[in-house]
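So that the names make sense, note that chain A is the first sequence line, chain B the second, and so on, each numbered from 1.
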Number of protein chains: 2
Amino acid sequence: MTRPATRPLTLRDVSEASGVSEMTVSRVLRNRGDVSAATREKVLRAAKQLGYVPNKIAGALASQRVNLVAVIIPSMSNMVFPEVMTGISRALEETDLQPVVGITDYLPEKEEKVLYEMLSWRPSGVIIAGLEHSDASRAMMAAAGIPVVEIMDTDGTPIDAAVGISHRRAGRMMGQAILEAGYRRIGFMGTQLGADHRARKRFEGFTEALAKGGVEIEDREFYANGSALAKGREMTQAMLERSPELDFLYYSNDMIGAGGLLWLVEKGYDVPGKIGLAGFNDVRLLQGLPQKLATMDSCREEIGRRAAEMITARLTDPDAPGGKVELSPKINRGDTLRSR
Amino acid sequence: MTRPATRPLTLRDVSEASGVSEMTVSRVLRNRGDVSAATREKVLRAAKQLGYVPNKIAGALASQRVNLVAVIIPSMSNMVFPEVMTGISRALEETDLQPVVGITDYLPEKEEKVLYEMLSWRPSGVIIAGLEHSDASRAMMAAAGIPVVEIMDTDGTPIDAAVGISHRRAGRMMGQAILEAGYRRIGFMGTQLGADHRARKRFEGFTEALAKGGVEIEDREFYANGSALAKGREMTQAMLERSPELDFLYYSNDMIGAGGLLWLVEKGYDVPGKIGLAGFNDVRLLQGLPQKLATMDSCREEIGRRAAEMITARLTDPDAPGGKVELSPKINRGDTLRSR
DNA sequence: TTGAAAGCGCTAACAT
DNA sequence: ATGTTAGCGCTTTCAA
């Protein structure tokens, strides 16, 4: 079954063990071309017996094809991205393509490095989060000659194709909904708006919608590191001590929103009577909180699925439609955003 | 800067553009051997100008080395594994190795498939979760002739090397702590104990410790899918309606424990006066709950770091010590496990 | 310091 | 249905 780990096995070993030419062995192992059942059996038995694992490096070099799709995302601990991955994996499971993930930590330089590293393996396609990339990154992707799908965001111009939502519009929608519900004294909490372009766009859309209603944000607070739940709790406390007149808190993500909600409930605030709340993302994880936080679905799994489908489509037909696909997120009012 | 995406660029293109032999171009691009500063400059400029990205497939085939470490884990949505990944990435950042992740969804057949797929890229090492693998998987790893580190668990015999904690002991420790604190009527909630060997071992250790104190679990409930927080809430409610006499609930992970805690606090239970609680994993995410759940650190980041270090050590020195490294998890009593 | 030649292990294309 | 040949794009080795 096994052998002392020495030199890795090659096709030639299988060929010799089975008495069949390397070429035919190769055919059997890839289910290609016509091979008689008898030969097939012989080869399979020999390969299994030896414990042969094909060398994809050699195969890829010879065939000039690599069944890998590079997926480049900022983080894995954001909840959002594992769900995008689920969508991608599901869609690719029916094909012979495999996702390979690279993490950028929201750093453009790291994105560039990861991209370079992945492209050097000559993947069949790239799925990458966001529309903002360094010039060098854009150049690499444009020059790679493979389908590139930018995901999550549609506010901008894709290199090749894009699937996502308009975060600016998402922010506007939530702003409008809050005004329509009758809230007027609004506080905002979120991540530092530097590296996270999508959070920034939501914020811009949000303030824009408020401005149209003649309302301005009265207080705001940003955070960088730490447990989001704990941060939401702390920031909410700090903000309400500073600005007790607020009647609505808009959080840039559900986790800090949940932290805020827990603190408010604990302190006996009437939510949403005295104060309304909303987050963003609709993370499944948070089902099970005392109240359901108002939020907005960011269509993560669908984004992943559609992106993968675009890759496969353009691989089969290079002229398959690219362009921008904008999905429509829906507001979920939960228990914390009610007309008053 | 860029060119219309046609044929991918090769070393030869850079060679021609710079008027330097392919060999010397290769040397420059890999910082190998002595190359004059002038030549170096010429080459670098030409490469950048063209937007050349090296072909690692060809490079790997020629050099017979691949700077990839296969990391095989059951899931990304378990909180636990992203943190292990963090430890691995940190440790590998100082080397020229790169982690590549494969997901098994807790399915042995999928593990086998992923392993086969990854080994066919001839990685420099393997880090894989758990000690339980199919015969074929074990055979592949043994035959690969590369360092293999099994992580998370030490209750069993590693193929090559292992870093983790003893989940059996972890379960025992928690059982003892609960008895010592004076609780006697104990309920258990957790995932279905089929595929998750580590959860099963914790459960076994737990019941063993209770048995030693003459105590038996009075009620138990298992779940398979769904939001862990919501499940914890539902199961806790169901169990306490069924068995109101319980004075302690042991959850097989922090997320369902948190769900239970939220429900109990909401219903006005006195925690830990009337009823104590404990989970497992010490997930950072949950900082920010109304009370701090008793739990046990599973040393995830350290496990990742140590595993990566073992890989690099055995790569530099094939005789570097392998064997089993058992880390010592500590109980964190939080607010929900107090002597009574 | 630079270059030339010979493969790495496989597969495409072409026999047979 | 099976075998033969000629590379894939790099790096190793050896020579200059």
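No more than 12 heavy-atom neighbours from other residues, nucleotides or ligands sit within 6.0 angstrom of CZ on B:Arg12.
Two residues are said to be in side-chain contact when any heavy atoms from C-beta on lie closer than 4.5 Å; A:Val53 and B:Arg122 meet this criterion.
The residue B:Asp34 sits close to a base: some heavy atom pair falls under 4.0 Å.
Rounded to 10°, the angle separating the first-five-pair axis and the last-five-pair axis of the helix from C:dT1-D:dA16 to C:dT16-D:dA1 equals 30°.
Applying the 4.0 Å criterion to OP1 and OP2 of C:dC10, one finds that A:Tyr52 has a side-chain N or O inside that range.
A salt bridge links A:Arg7 with A:Asp13; the closest basic N to acidic carboxylate O contact falls under 4.0 Å. A salt bridge links B:Asp105 with B:Lys110: at least one charged nitrogen is closer than 4.0 Å to a carboxylate oxygen.
Checked by atom type and distance alone, the side chain of B:Thr39 never pairs as donor or acceptor with a backbone atom of B:Val35 at under 3.5 Å. Side-chain atoms of A:Thr95 never come within 3.5 Å of backbone atoms of A:Ala91 as a donor-acceptor pair (strictly under, hydrogens ignored). Side chain of A:Ser137 to backbone of A:His133: no donor-acceptor contact under 3.5 angstrom is found. Side-chain atoms of B:Asn55 come within 3.5 Å of backbone atoms of B:Ala58 as a donor-acceptor pair (strictly under, hydrogens ignored).
Contact footprint of chain A on DNA chain D: nucleotides with an atom under 4.0 Å from a non-hydrogen protein atom, first to last in 5' to 3' order, D:dA1 to D:dG9.
When each of B:Leu68, B:Val66, B:Leu315 is checked for a side-chain contact (heavy atoms from CB on, under 4.5 Å) with B:Leu97, only B:Leu315 meets the rule.
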* **Candidate pair A:Glu326 and A:Val163, rule side-chain contact (heavy atoms from CB on, under 4.5 Å), full reasoning** => CA-CA 6 Å; A:Glu326 183 179 329; A:Val163 196; over 6 Å; no

* Between protein and nucleotides 11-16 of chain C, map the contacts as a letter string: B base, S sugar-phosphate only, - none, heavy atoms under 4.0 Å, written 5' to 3'. => SB----

